[in-house]
There are 2 protein chains.
Amino acid sequence: MSAQEANDVLERLNNLQRMEARAFGLRYGLQPVQMDALTYLTQCNRYSNTPQAVAEYLGLTKGTVSQSLKVLEQKGFLRKQADKQDKRIVRLAPTSKGSHLIKKALLARSLEPALAMTDSRKIAELTSVFRSILRDMQQTNGRKAFGACHTCRFNEDHEKNGYVCGLTREPLSVQDVQLICREHQYPQ
Amino acid sequence: MSAQEANDVLERLNNLQRMEARAFGLRYGLQPVQMDALTYLTQCNRYSNTPQAVAEYLGLTKGTVSQSLKVLEQKGFLRKQADKQDKRIVRLAPTSKGSHLIKKALLARSLEPALAMTDSRKIAELTSVFRSILRDMQQTNGRKAFGACHTCRFNEDHEKNGYVCGLTREPLSVQDVQLICREHQYPQ
DNA sequence: AAAATTGGTATTGAGTCGAAACTAAATGGA
DNA sequence: TCCATTTAGTTTCGACTCAATACCAATTTT
């Protein structure tokens with residue numbers, strides 16, 4: 001049992017998940033990349049629902065992503081809306097059709113059933129291992145983490161008074177801090 | 001710390017690895033899918049080095065894969081050779097140029113450095129968790145496992161006398177049993 | 001007020017993808 | 001043995017992704 005082997009198993013797991021995700025999307029006439037974008041948009045917070053953020057998340061150019069989003073809008077999976085403050089910015093929101101689809105897709109390919117059968121202490125260890133790997137990768141290649149607020153170093157837990165984002169100073173709800181943020185940074 | 005969160009972290013890790021792999025391949029004029037195919041071919045055993053096996057591994061149709069392989073051959077990353085026994089079968093072998101490229105790519109994106117820093121007992125646990133997940137996924141959606149022989153239920157360890165594949169009855173070397181096989185099945 | 005930056009869109013050319021049609025070799029009966 | 005079937009691969013086609021480039025408009029900087 002080596003690091004090499006762990007790496008291989010993980011690699012294969014990636015492959016299988018990608019294959020299943022592709023097959024699922026195809027049944028609804030969506031390309032993998034469109035599924036990925038829509039998935040992101042159902043999970044990101046209000047600072048992170050723009051074309052630019054989607055592009056950064058997926059590691060693609062904004063031009064490329066712009067087209068995928070156009071298709072998603074045409075097919076009725078999401079709505080575009082100009083930002084009130086900054087009129088350059090486009091806000092993206094999945095329609096109910098869109099979020100239902102993603103909910104179904106996530107359920108189909110989630111590892112949760114499998115993970116639920118394993119010891120929660122093991123899962124905790126495992127998550128921390130991967131989180132530290134993520135942190136490494138993020139640093140060495142300059143990508144963003146795209147984690148949820150509740151694991152972010154800018155997130156402040158004000159106990160009874162809810163949460164506050166240390167970057168924007170805005171209050172965040174219990175639901176908010178579960179969402180993905182493009183400004184996310186792990187502590188330390 | 002929940003199964004949900006473990007799932008998310010893993011998801012993001014997938015994304016990052018894909019992004020890096022894409023960027024790497026692009027520097028050498030190769031598409032992600034071509035990198036994937038070539039990677040597989042440097043890691044598979046002699047029963048698994050055919051276009052059909054590549055297609056199964058990647059979850060694509062044989063027609064699609066056929067084109068990618070043509071490009072890889074044209075660019076000098078692999079060689080095609082008709083099988084001696086069965087003339088329908090094409091055997092694929094990476095050239096030294098091809099295997100060098102993949103070696104470099106794997107090194108660049110390996111989790112091994114990060115994993116090496118974590119407790120080996122943890123890694124063992126982690127691997128076993130993911131292996132059982134893999135087994136689940138493989139069963140529920142009818143995909144093949146594509147594991148290495150030494151984790152396969154058909155592999156027989158004859159101690160001093162080396163290994164034997166229970167399917168083909170052929171002897172396998174120490175190196176052989178580290179390779180990926182399309183007939184692989186996990187025990188139990 | 002002009003210049004630079006930022007967020008997004010449109011266009012183009014190379015390439016992937018699945019589906020379907022196809023070839024050739026092996027297999028399996030009668 | 002001969003013909004049907006199966007198996008391994010290739011080719012072609014149309015829809016689509018992708019990066020690169022050029023572009024536009026709003027914002028920020030100088």
Side-chain angles (χ1 to χ4, degrees), chain A residues 18-38 41 47-75 77-92 182-183, chain B residues 15 18-38 41 44 47-75 77-92 182-183:
Chain A
R18 260 216 314 290
M19 286 161 55
E20 295 312 314
R22 171 187 292 278
F24 183 97
L26 225 66
R27 288 202 290 278
Y28 293 87
L30 289 185
Q31 300 293 322
V33 93
Q34 294 164 356
M35 289 294 291
D36 288 345
L38 197 53
L41 288 171
Y47 310 132
S48 315
N49 59 354
T50 68
Q52 182 66 37
V54 174
E56 283 168 11
Y57 181 79
L58 297 177
L60 304 176
T61 61
K62 55 185 183 168
T64 297
V65 167
S66 179
Q67 297 175 64
S68 298
L69 295 174
K70 197 168 69 176
V71 173
L72 282 172
E73 191 191 20
Q74 283 164 356
K75 295 196 172 180
F77 290 105
L78 69 81
R79 262 193 333 274
K80 291 184 182 179
Q81 202 166 358
D83 186 274
K84 298 276 192 305
Q85 269 81 49
D86 187 334
K87 284 172 191 163
R88 292 171 305 182
I89 295 177
V90 170
R91 297 288 169 188
L92 305 165
R182 63 188 296 196
E183 306 296 348
Chain B
N15 259 331
R18 260 216 315 288
M19 286 161 55
E20 295 312 315
R22 170 186 294 280
F24 184 96
L26 223 66
R27 288 201 290 278
Y28 293 87
L30 289 185
Q31 301 292 324
V33 87
Q34 294 165 354
M35 290 294 291
D36 289 346
L38 197 54
L41 288 171
C44 73
Y47 310 132
S48 316
N49 59 355
T50 68
Q52 182 66 38
V54 174
E56 283 168 11
Y57 182 78
L58 297 177
L60 304 175
T61 60
K62 55 184 183 166
T64 297
V65 168
S66 178
Q67 298 176 62
S68 299
L69 295 175
K70 198 166 69 175
V71 174
L72 281 173
E73 191 191 20
Q74 283 164 356
K75 296 196 172 181
F77 291 104
L78 68 82
R79 262 194 334 275
K80 291 184 181 179
Q81 202 164 358
D83 186 274
K84 298 276 192 306
Q85 268 81 51
D86 188 335
K87 283 173 192 164
R88 292 171 305 181
I89 294 177
V90 170
R91 298 288 169 188
L92 304 164
R182 63 187 296 197
E183 306 297 346

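Since this is a predicted model, take the numbers as computed values, not measurements. Proteins get letters first, then strands, A, B, ... in listed order; numbering begins at 1 in each.
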Participant: Dump the intermediate steps for side chain to side chain contact (heavy atoms under 4.5 Å, CB included) on B/Arg91 and B/Thr50, then the final yes or no.
Facilitator: CA-CA 5 Å; B/Arg91 298 288 169 188; B/Thr50 68; 3.7 Å; yes
Participant: Output the rounded distance in Å from CD (A/Gln85) to C1' (D/dA25).
Facilitator: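 Roughly 18 Å, once rounded to whole Å.
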Participant: What integer distance in Å separates A/Leu69:CG from C/dT9:P?
Facilitator: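 Spelled out: CG on A/Leu69 to P on C/dT9 is 7 Å.
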Participant: Take the protein atom CG of B/Asp36 and the nucleotide atom P of C/dT16, then report the distance between them rounded to whole Å.
Facilitator: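 These atoms are roughly 12 Å apart.
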Participant: Taking the nucleotide of DNA chain C with the nearest heavy atom to each, does B/Lys75 or B/Lys62 sit closer to the 5' end?
Facilitator: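 Nearer the 5' end of the strand: B/Lys75.
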Participant: Using five base pairs at each end to define the local axes, how bent is the helix from C/dA1-D/dT30 to C/dA30-D/dT1, to the nearest 10°?
Facilitator: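 Comparing the first five pairs with the last five, the axes sit 20° apart.
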Participant: Send over the distance from A/Asp86 CG to C/dT5 P, rounded to a whole Å.
Facilitator: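 These atoms are roughly 17 Å apart.
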Participant: Looking only at side-chain atoms of A/Val33, point me to the closest of D/dC18, C/dT9, C/dG18.
Facilitator: D/dC18
Participant: Mapping B/Thr50 and A/Lys84 to their closest nucleotides on DNA chain D, which lands nearer the 5' end?
Facilitator: B/Thr50
Participant: Between atom CD1 in B/Ile89 and atom P in C/dT27, what is the gap in whole Å?
Facilitator: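 Rounded to the whole Å, the gap is 9 Å.
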Participant: I'd like to know if A/Arg18 pairs up with B/Asp36 as an ion pair, taking the criterion as any Lys NZ or Arg NE/NH1/NH2 lying under 4.0 Å from an Asp or Glu carboxylate oxygen.
Facilitator: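 Yes, charged N to carboxylate O under 4.0 Å.
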Participant: Tell me which of A/Gly63 and B/Val71 sits closer to the 5' end of DNA chain C, going by the nucleotide each one is nearest to.
Facilitator: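 In this pair, the answer is A/Gly63.
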Participant: Provide the closest heavy-atom pair for A/Leu30 versus A/Gln34 in the form atom of the first, atom of the second, distance.
Facilitator: CD2-OE1, 3.3 Å
Participant: If you count every heavy atom of other residues, nucleotides or ligands that lies below 6.0 Å from A/Lys80 atom NZ, does the total exceed 12?
Facilitator: yes
Participant: Base, sugar-phosphate alone, or nothing: which one does A/Arg91 contact when heavy atoms must sit under 4.0 Å apart?
Facilitator: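 Nothing: the residue A/Arg91, judged by heavy atoms under 4.0 Å, touches no strand.
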Participant: Distance check: side-chain N/O of A/Lys87 vs OP1/OP2 of C/dG8, anything under 4.0 Å?
Facilitator: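 For A/Lys87, the contact criterion (side-chain N or O under 4.0 Å from OP1 or OP2 of C/dG8) is not met.
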Participant: Could you check which of D/dC18, C/dG18, D/dG9 has an atom nearest any side-chain atom of A/Leu60?
Facilitator: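 My answer, after comparing the listed nucleotides, is D/dC18.
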Participant: Give me the atom names and distance for the closest heavy-atom approach of A/Arg22 to B/Leu60.
Facilitator: NE-CD2, 4.0 Å
Participant: Do B/Thr64 and C/dG18 share a donor-acceptor pair, side chain to base, under 3.5 Å?
Facilitator: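 Pair found.
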Participant: Tell me the interatomic distance from A/Gln81, atom CD, to C/dG8, atom C1', rounded to whole angstroms.
Facilitator: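 Going from CD in A/Gln81 over to C1' in C/dG8 covers 16 Å.
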Participant: The side chain of A/Ser68 lies closest to which of these nucleotides: C/dG8, C/dT16, D/dT17?
Facilitator: D/dT17
Participant: If I compare all heavy atoms of B/Gly29 with all of B/Lys75, which pair ends up nearest, and what's the gap?
Facilitator: O-NZ, 2.9 Å
Participant: Among A/Val90, A/Leu38, A/Leu78, which residue meets the side-chain contact (heavy atoms from CB on, under 4.5 Å) test with A/Leu69?
Facilitator: A/Leu78
Participant: Measuring from the side chain of A/Arg88 (C-beta onward, heavy atoms only), which nucleotide among D/dT17, C/dT5, C/dG15 has the closest atom?
Facilitator: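 Of the candidates, C/dT5 comes closest.
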Participant: Between atom CZ in B/Arg18 and atom C1' in D/dC18, what is the gap in whole Å?
Facilitator: 14 Å
Participant: Using OP1 and OP2 only, check whether a side-chain N or O of B/Lys80 sits under 4.0 Å from D/dT10.
Facilitator: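 Yes, B/Lys80 has a side-chain N/O under 4.0 Å of OP1/OP2 on D/dT10.
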Participant: Counting side-chain heavy atoms from C-beta on, which of C/dA19, D/dC18, C/dG7 comes nearest to B/Arg22?
Facilitator: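 The answer is D/dC18, which lies nearest to the side chain.
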Participant: Would you mind reading off the distance between B/Gln31 atom CD and D/dA20 atom C1', rounded to a whole angstrom?
Facilitator: 14 Å
Participant: Nearest to the side chain of B/Gln67 - D/dG9, C/dG18, C/dT9?
Facilitator: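 The closest nucleotide is C/dG18.
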Participant: B/Gln34 side chain N/O closer than 4.0 Å to the phosphate oxygens (OP1, OP2) of C/dT16?
Facilitator: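 Yes, because at least one side-chain N or O of B/Gln34 sits under 4.0 Å from OP1 or OP2 of C/dT16.
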Participant: Taking 4.0 angstrom as the limit, do B/Arg182 and B/Glu56 come out as a salt bridge?
Facilitator: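 Result for this pair is yes, salt bridge flagged.
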